[in-house]
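Read the structure below first, then the notes.
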Amino acid sequence: MTIEVGSQAPDFELKDNHGRTVRLSEFRGEKNVVLVFYPFAFTGVCTGELCALRDELPRFENEGTQLLAVSNDSMHTLRVFAEQEGLEYPLLSDFWPHGETSRAYGVFDEDKGCAVRGTFVIDKEGVVRWSVVNGLPDARDLNDYVKALEAL
């Protein structure tokens, strides 16, 4: 079951593509968070979505907003992926325990062993204010994220 709008976002602690620990609660009181779950690095739709975020990064990573992208890939895979695609925002590894954070947000596909395309806009108080969940093959529209952030 996907986390509902108006709910407190589940806190998590994950390693980023450089091995640094990132906690959602670190941003509480400081920044809104755009939390983007995606299935796998190096796949067509995922690469397209993450590069689109890269190309519009000032809209999603600035003094009031932090972008965090989460997949079930290993930290090492994410490091190579980020370097290859020029992704300068945190790519977080939900590798082990496998899919624990994806499950907490209700976006883990048990049959495929990966997260589906779920996005959550979380306000500075840690409350989910907007979300969208798409199936594996369906890319998301970044303009929807922008509108959700503007509404905060």
Side-chain angles (χ1 to χ4, degrees), residues 2-43 45-97 99-108 114-134 139-152:
T2 304
I3 284 292
E4 294 184 23
V5 171
S7 300
Q8 191 72 29
D11 198 14
F12 57 78
E13 181 177 304
L14 297 171
K15 296 284 186 188
D16 73 4
N17 48 304
H18 297 289
R20 296 176 295 227
T21 299
V22 176
R23 292 175 190 84
L24 179 63
S25 56
E26 291 173 356
F27 303 102
R28 196 157 295 148
E30 302 291 324
K31 291 186 175 194
N32 300 310
V33 174
V34 177
L35 183 61
V36 177
F37 289 89
Y38 63 99
F40 294 112
F42 298 106
T43 58
V45 176
C46 295
T47 299
E49 285 188 317
L50 296 178
C51 288
L53 286 165
R54 173 200 66 204
D55 295 345
E56 298 291 329
L57 195 56
R59 297 174 115 179
F60 303 107
E61 195 167 279
N62 52 55
E63 64 187 37
T65 305
Q66 178 64 51
L67 173 63
L68 301 173
V70 180
S71 79
N72 304 117
D73 295 297
S74 73
M75 173 188 71
H76 307 289
T77 299
L78 296 177
R79 181 177 305 131
V80 174
F81 181 55
E83 288 171 3
Q84 177 178 305
E85 299 301 332
L87 305 175
E88 297 189 10
Y89 51 89
L91 301 183
L92 306 180
S93 175
D94 190 18
F95 184 72
W96 198 258
E100 182 177 66
T101 300
S102 304
R103 283 183 178 91
Y105 280 81
V107 296
F108 190 79
C114 66
V116 296
R117 297 180 195 289
T119 303
F120 301 87
V121 173
I122 302 164
D123 71 13
K124 292 177 183 177
E125 308 314 312
V127 175
V128 176
R129 293 299 175 191
W130 180 88
S131 71
V132 65
V133 178
N134 289 5
R140 296 160 280 195
D141 185 344
L142 297 187
N143 291 320
D144 292 341
Y145 307 176
V146 173
K147 290 176 189 170
L149 284 168
E150 289 172 350
L152 293 181

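The shortest non-hydrogen separation linking Phe81 to Phe42 is CE1-N, 3.3 Å. Minimum heavy-atom separation, Ala9 to Val128: CB-CG2, 3.9 Å. The two residues Pro10 and Ala104 come nearest to each other via the heavy atoms CG-O, 3.8 Å.
Each ring pair (Phe, Tyr, Trp, His ring centres under 6.0 Å) pair with one or both residues in residues 2-35, not counting sequence neighbours, would appear here, but there are none. Listed by first and then second residue, the salt bridge (charged side-chain N to carboxylate O under 4.0 Å, His left out) pairs that reach into residues 115-132 are Glu49-Arg117, Asp123-Arg129, sequence neighbours excluded. The list of side chain to side chain donor-acceptor pair (under 3.5 Å) pairs with a residue in residues 83-95, not counting sequence neighbours, reads Asn72-Asp94, Asp94-Ser102.
Under the rule for a salt bridge (charged side-chain N to carboxylate O under 4.0 Å, His left out), the partners of Glu13 that lie at least two apart in sequence or sit in another chain are Arg23. Residues forming a side chain to side chain contact (heavy atoms under 4.5 Å, CB included) with Ser71 (at least two apart in sequence, or on another chain): Tyr38, Asp73, Leu78. Legend: residues meeting side chain to side chain contact (heavy atoms under 4.5 Å, CB included) with Asn62, ordered by chain and number and at least two apart, are Thr65.
Test Leu92, Leu91, Val80 against Asn17 for side-chain contact (heavy atoms from CB on, under 4.5 Å) and you get one pass: Leu91. The one candidate from Val34, Leu87, Leu142 that meets the side-chain contact (heavy atoms from CB on, under 4.5 Å) condition with Leu53 is Leu142.
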| field | Working for side-chain contact (heavy atoms from CB on, under 4.5 Å), residues Glu61 and Gln66 | value | CA-CA 5 Å; Glu61 195 167 279; Gln66 178 64 51; 2.8 Å; yes
| request: Just do the side-chain contact (heavy atoms from CB on, under 4.5 Å) check on Val146 and Glu56 with the steps written out, would you? | output: CA-CA 10 Å; Val146 173; Glu56 298 291 329; over 6 Å; no
| field | side-chain contact (heavy atoms from CB on, under 4.5 Å) between Thr77 and Phe40, intermediate numbers included | value | CA-CA 10 Å; Thr77 299; Phe40 294 112; over 6 Å; no
| said: Test side-chain contact (heavy atoms from CB on, under 4.5 Å) on Asp144 and Trp130; report intermediate values, then the result. | reply: CA-CA 10 Å; Asp144 292 341; Trp130 180 88; 3.6 Å; yes
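Leu67 is not listed as a side-chain neighbour of Arg59, based on a closest heavy-atom distance of 4.5 Å or more. A 4.5 Å side-chain heavy-atom check between Asp16 and Met75 finds every atom pair outside the cut-off.
No side-chain donor-acceptor contact under 3.5 Å links Arg140 to the backbone of Val133.
Between Tyr105 and Phe37, the ring planes are tilted. Angles from 30° to 60° get that label.
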